[in-house]
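Start at 1 with the first residue, then count along the sequence.
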Amino acid sequence: MKRNAPSAEPAPVWDAAAVRARLDELARRDPEGKRFGSEEHRYRLTPPLPEAAVRAFEERYAIRLPDSYRTFLTRIGGSGAGPHYGLLPLDAPLPVDSDDAVDDLREQDRRPGFLAAPFPLSAEWRGNPAERFDEEAERARVAGSLVIAEAGCGEFVRLVVTGPSAGQIWFDDMTWDHLRPGPGFRDWYLSWLLR
């Protein structure tokens, strides 16, 4: 399988101390967890991932994670505080016999060849109700993307990892069969952090 070539641009600089200070401030301002999703992540991040763990994930799935996400994982945190219910872990074991849709999607993302396949979309996509439960077509539409957050009610956040849109966030509304593009990972995360 072909890996994405590393970006010619320098990796985005994340200021770990500034991110953590802002998360501490958000936690102080919202001690009861009233901001959407904060009751799940409580404004806490897990420790950053070792470079070797990220590299092993990339090698296993024959991809190169987008630099903004990759540097976040290795310098800021591996999961936790973030938009919606927070950032999902990159490579945590999946629960056995889970009924949660997010676990099904994370399992799908890790099937051989799924992440390495080029992400097919370049513009917003709205589904056809007649094709709503065609699982193969649904998988093909989101190949090359990784679920990184759950927004609730059948909505998920995907990060494109392959193809021309690599590094871009896409919002996946499974309830209404709707996929729409968003900003890059860094802009998406910072817009939540600084709000």
Side-chain angles (χ1 to χ4, degrees), residues 3-94 102-103 105-106 109-110 115 119 144-152 155-162 165-172 181-195:
R3 292 178 58 143
N4 282 352
S7 172
E9 297 177 24
V13 177
W14 286 95
D15 183 340
V19 169
R20 289 187 186 96
R22 178 64 180 156
L23 289 172
D24 287 346
E25 179 185 339
L26 290 171
R28 278 193 305 278
R29 289 182 176 183
D30 185 22
E32 295 176 16
K34 292 188 178 190
R35 186 177 182 191
F36 180 77
S38 65
E39 68 278 3
E40 287 289 320
H41 57 70
R42 305 300 301 163
Y43 302 104
R44 284 181 241 145
L45 289 167
T46 62
L49 299 177
E51 174 67 30
V54 173
R55 195 172 32 252
F57 181 90
E58 292 173 329
E59 289 173 4
R60 187 173 331 124
Y61 298 106
I63 61 165
R64 165 96 178 159
L65 293 171
D67 285 342
S68 61
Y69 180 60
R70 192 177 203 288
T71 56
F72 185 93
L73 293 174
T74 60
R75 296 180 188 166
I76 306 297
S79 64
H84 309 294
Y85 291 117
L87 297 175
L88 296 169
L90 178 66
D91 206 18
L94 297 170
V102 71
D103 294 329
L105 293 176
R106 291 181 65 230
D109 292 354
R110 277 113 180 121
L115 291 176
F119 184 73
S145 69
L146 178 69
V147 171
I148 62 167
E150 180 179 5
E155 294 182 38
F156 300 90
V157 177
R158 294 183 165 278
L159 176 66
V160 177
V161 297
T162 55
S165 298
Q168 186 178 28
I169 292 292
W170 278 67
F171 302 99
D172 183 356
F185 175 80
R186 182 181 170 82
D187 289 342
W188 172 74
Y189 191 86
L190 290 177
S191 70
W192 169 82
L193 185 67
L194 300 175
R195 198 177 300 162

>> Any non-hydrogen side-chain atom of Leu65 less than 4.5 Å from a side-chain atom of Phe72?
In response: no
> Who passes salt bridge (Lys or Arg N to Asp or Glu O under 4.0 Å) against Glu39, sequence neighbours left out?
Replying inline: none
> With sequence neighbours left out, what residues match Arg35 under salt bridge (Lys or Arg N to Asp or Glu O under 4.0 Å)?
Replying inline: none
> In chain order, what residues pass the side-chain contact (heavy atoms from CB on, under 4.5 Å) check against Pro181, with sequence neighbours excluded?
Replying inline: Glu124, Gln168, Trp170
> Which pair of non-hydrogen atoms, one from Ala149 and one from Gly86, has the smallest distance, and what is that distance?
Replying inline: CB-O, 3.5 Å
> Less than 4.5 Å apart, any side-chain heavy atom of Leu90 and any of Leu146?
Replying inline: yes
>> Going by the rule side-chain contact (heavy atoms from CB on, under 4.5 Å), which residues pair with Ala16 if we only count those two or more places apart in sequence or in a different chain?
In response: Arg20, Ile76
> Residues in salt bridge (Lys or Arg N to Asp or Glu O under 4.0 Å) with Glu40, at least two apart?
Replying inline: none
> Under 4.5 Å between any side-chain heavy atoms of Phe185 and Thr71, yes or no?
Replying inline: no
> Just wondering, do Val157 and Pro83 contact through their side chains at under 4.5 Å, heavy atoms?
Replying inline: no
>> Going by the rule side-chain contact (heavy atoms from CB on, under 4.5 Å), which residues pair with Arg42 if we only count those two or more places apart in sequence or in a different chain?
In response: Arg44
Can you list, pair by pair, the side-chain donor-acceptor contacts under 3.5 Å of residues 187-195, counting residues two or more places apart and other chains?
| from | atom 1 | to | atom 2 | distance (Å) |
| --- | --- | --- | --- | --- |
| Tyr189 | OH | Ala81 | O | 2.8 |
| Ser191 | OG | Asp187 | O | 3.3 |
| Ser191 | OG | Trp188 | O | 2.9 |

> Which residues satisfy the side chain to side chain donor-acceptor pair (under 3.5 Å) test with Arg60, sequence neighbours excluded?
Replying inline: Asp91
>> For residues 76-89, which residue pairs pass the side chain to side chain donor-acceptor pair (under 3.5 Å) check, not counting sequence neighbours?
In response: Thr46-Ser79
>> Quick check: closest heavy atoms across Phe119 and Ser165, and the distance to 0.1 Å?
In response: CD2-CB, 4.4 Å
> Which atoms form the tightest heavy-atom contact between Gly182 and Phe171, and what is the distance?
Replying inline: CA-CE1, 3.7 Å
> Mind checking what makes side-chain contact (heavy atoms from CB on, under 4.5 Å) contact with Asp24, not counting sequence neighbours?
Replying inline: Arg28
> So how far is it from Leu49 CG to Arg70 CZ, rounded to the nearest 0.5 Å?
Replying inline: 10.5 Å
> Glu25 and Arg22: salt bridge (charged side-chain N to carboxylate O under 4.0 Å, His left out), yes or no, with the steps?
Replying inline: CA-CA 5 Å; Glu25 179 185 339; Arg22 178 64 180 156; 3.0 Å; yes
> Going by heavy atoms in the side chains, are Leu73 and Phe57 under 4.5 Å from each other?
Replying inline: no
